[in-house]
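Small disclaimer: the values here were computed from a predicted structure and weren't measured.
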Amino acid sequence: MKNSGILILLFILSILFSCSQDESIYENNQSQSNSTFSRSLPPPTPGELRGFYDVTFNNGVEANMLFEFGNFVTFGSATITDMLPLSGMRTNYTISGSTVEFTLFDGSNYTNYRLNYNSSTAKFTGTYGLGFSYHNLGTLNGKKHLTGSSGFSFVKGIWMGYYGVGSGSTNYDYLMVFEENGKVSVAGHETLFGSYPAQGTYSIIGNTVIGSYTYLTGGTYHFKADLLYGSNTISGTWGYGNSNSNGGNFSLSSWNFY
C-alpha cells in the first residue's frame with residue numbers, strides 16, 4: 001500500500017509538471033521578451049519620420065512602409081503583412097538631413113530607395129532603382145497615415161502597447177499593424193523589425209475589431225477588442241487556438257500621429 005501511494009503521488013506530480021511545460025510553451029510562443037515593461041520607446045515627435053505610410057509608385061503600384069524607432073523600415077506591397085515572410089523587406093535606413101536611404105531584398109533582387117522627407121507635411125517623394133542605382137526604376141511618393149475618427153481610418157496603422165497572460169498584468173510588449181484588405185501584422189516585441197512576427201486577418205464589426213494571426217514560427221491566436229475612439233486606444237482579450245479570450249488581456253495605443 002505504501003509503494004502504491006508513492007506511485008500515485010509521482011503520477012500526479014508528472015501530470016502537473018507536463019501541464020506546466022505545455023503552458024510555458026504556449027506563453028513563450030506569444031511572448032518574445034521575459035522582461036516586464038521592457039518597452040520604453042519615446043513617442044514620435046512632431047515632424048519625425050516614424051510612422052505608417054501609404055506609398056504609390058510611378059507605375060501605379062501601391063504599398064505600405066513602416067518606419068520605426070532605431071532606424072528600422074519595413075516594406076510591403078500591397079501590404080506589409082503580404083510580404084512579412086521575406087526578411088529582406090525589413091531593414092535599417094540611414095537619414096541625413098531630409099534624405100532617407102535604404103535597400104530591400106525580395107529574395108532575388110536588391111532595390112535601393114532614396115527618399116526626400118518633408119517634416120512639415122509628413123510626406124516624402126523619392127526614387128528607386130536596381131544594382132548601384134537609386135533611380136533607374138522610377139519614382140514614388142508617400143504620406144504618413146494619421147488616426148481617423150472611426151472604423152478603418154481609426155484602426156489603420158501601427159498600435160503599440162502590452163498584453164498579459166492569464167489574469168496577470170499586461171507586462172509584455174505587443175504591437176499590431178492594421179492594413180488594407182483586412183490584413184494585420186503582429187509582434188510580441190517593441191518593434192516589428194527584429195521580431196518573430198505573425199501574419200493575420202481582421203474584421204471591424206461596429207466598434208469592435210476581431211481577428212486571428214499565426215506566427216511565422218508557428219502558433220495561432222485570436223483576439224477581440226473594443227475601439228475606444230475617445231482615448232485612441234484598443235482594449236481587449238486574446239486567446240489560444242479558436243478562443244479569443246482564454247489567453248489574457250491587452251491594451252494598445254495609436255502611434256499614428258504627427
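A side-chain N or O of Asn116 and one of Ser98 form a donor-acceptor pair less than 3.5 Å apart. Under 3.5 Å, the side chains of Asp82 and Gln199 contain no donor-acceptor pair of N or O atoms. For the residue pair Ser254/Thr147, the side-chain donor-acceptor check at 3.5 Å is satisfied.
Ile158 and Leu146 fall into different hydrophobic clusters, where Ile, Leu, Val, Met, Phe, Trp and Tyr residues are linked whenever their side-chain heavy atoms come under 4.5 Å apart, directly or through other members.
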- Task: Determine, stepwise, if the pair Ser185 / Thr81 fulfils side-chain hydrogen bond (donor to acceptor under 3.5 Å, both in side chains).
- Result: CA-CA 5 Å; Ser185 296; Thr81 306; 2.8 Å; yes
- Is there a side-chain hydrogen bond (donor to acceptor under 3.5 Å, both in side chains) between Ser231 and Thr233 once you walk through the steps? CA-CA 5 Å; Ser231 58; Thr233 57; 2.6 Å; yes
- Could you walk me through whether Glu68 and Thr191 pass the side-chain hydrogen bond (donor to acceptor under 3.5 Å, both in side chains) check? CA-CA 7 Å; Glu68 298 184 277; Thr191 58; 4.6 Å; no
- Under the ring pair (Phe, Tyr, Trp, His ring centres under 6.0 Å) rule, what do Tyr162 and Tyr174 come out as? Steps first, then yes or no, please. CA-CA 5 Å; Tyr162 305 99; Tyr174 202 36; 9.8 Å; no
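The distance between the ring centers of Phe154 and Tyr229 falls below 6.0 angstrom. Ring to ring, Tyr128 and Phe57 are close: their centroids are under 6.0 angstrom apart.
Counting heavy atoms from C-beta outward, Val73 and Arg90 have side chains that stay 4.5 Å or more apart. Contact annotation: the side chain of Thr56 never approaches that of Leu140 to less than 4.5 Å [non-hydrogen atoms, C-beta and beyond]. Using a 4.5 Å heavy-atom threshold, the side chains of Thr214 and Tyr221 count as separate. Side-chain contact between Asp173 and Met160: absent, with no pair of heavy atoms (C-beta onward) separated by less than 4.5 Å. Using a 4.5 Å heavy-atom threshold, the side chains of Leu66 and Leu192 count as touching. Contact annotation: the side chain of Tyr117 approaches that of Tyr53 to within less than 4.5 Å [non-hydrogen atoms, C-beta and beyond]. Annotation: side chain of Thr91 is not in contact with side chain of Tyr93 (no heavy-atom distance under 4.5 Å). Looking only at side-chain heavy atoms (C-beta outward), Ile80 and Phe52 come within less than 4.5 Å of each other.
Asn58 places a side-chain N or O within 3.5 Å of a backbone atom of Thr139 that can act as its donor or acceptor partner. Side-chain N or O atoms of Tyr134 include none that pairs as donor or acceptor with a backbone N or O of Leu130 at under 3.5 Å. A donor-acceptor pair under 3.5 Å is formed between the side chain of Lys144 and the backbone N or O of Glu48. Between the side chain of Ser96 and the backbone N or O of Thr99 there is no donor-acceptor pair closer than 3.5 Å. In this structure, the side chain of His222 engages the main chain of Gly241 through a donor-acceptor pair within 3.5 Å. Between the side chain of Asn59 and the backbone N or O of Val61 there is at least one donor-acceptor pair closer than 3.5 Å. Judged by distance alone, with hydrogens and angles left aside, the side-chain atoms of Asn112 form a donor-acceptor pair with the main-chain N or O of Gly131 at under 3.5 Å. A donor-acceptor pair under 3.5 Å is formed between the side chain of Ser77 and the backbone N or O of Glu62. Formation of a donor-acceptor pair under 3.5 Å by the Tyr202 side chain with backbone atoms of Glu179 is found in this model. In this structure a side-chain-to-backbone donor-acceptor pair under 3.5 Å is present from Ser243 to Ser245.
Summarising the geometry of Asn246 relative to Gly239, their closest heavy-atom pair is OD1-CA, 3.1 Å, with the distance given to 0.1 Å. Minimum interatomic distance between Val186 and Met176 (heavy atoms only, all atoms of both residues): CG2-CG, 4.0 Å. The nearest pair of heavy atoms linking His145 to Gly148 is NE2-N, 4.5 Å. Residues Tyr215 and Gly188 come closest through the heavy atom pair OH-N, 3.7 Å.
Heavy-atom contacts from other residues, nucleotides or ligands closer than 6.0 Å to OH of Tyr110 number 12 or fewer. Within a 6.0 Å radius of CG in Asn242, no more than 12 heavy atoms belonging to other residues, nucleotides or ligands are found.
In this structure, Phe178 and Phe223 have perpendicular ring planes: the angle between them is above 60°, well past the 30° mark. Aromatic ring orientation, Trp238 versus Tyr240: perpendicular (interplanar angle above 60°, classes split at 30° and 60°). Taking the six-membered ring for Trp and thresholds of 30 and 60 degrees, Phe193 and Phe72 have nearly parallel ring planes, at less than 30 degrees apart.
Stacking of Arg50 on the aromatic ring of Phe67 is not recorded, the 6.0 Å distance cut-off and the 45° axial limit not both being met.
The existence of a salt bridge linking Asp54 and Lys123 is excluded, since no basic side-chain nitrogen approaches an acidic carboxylate oxygen closer than 4.0 Å.
In the hydrophobic clustering, Ile205 connects to Ile210, either directly or through intervening members, whenever side-chain heavy atoms lie under 4.5 Å apart.
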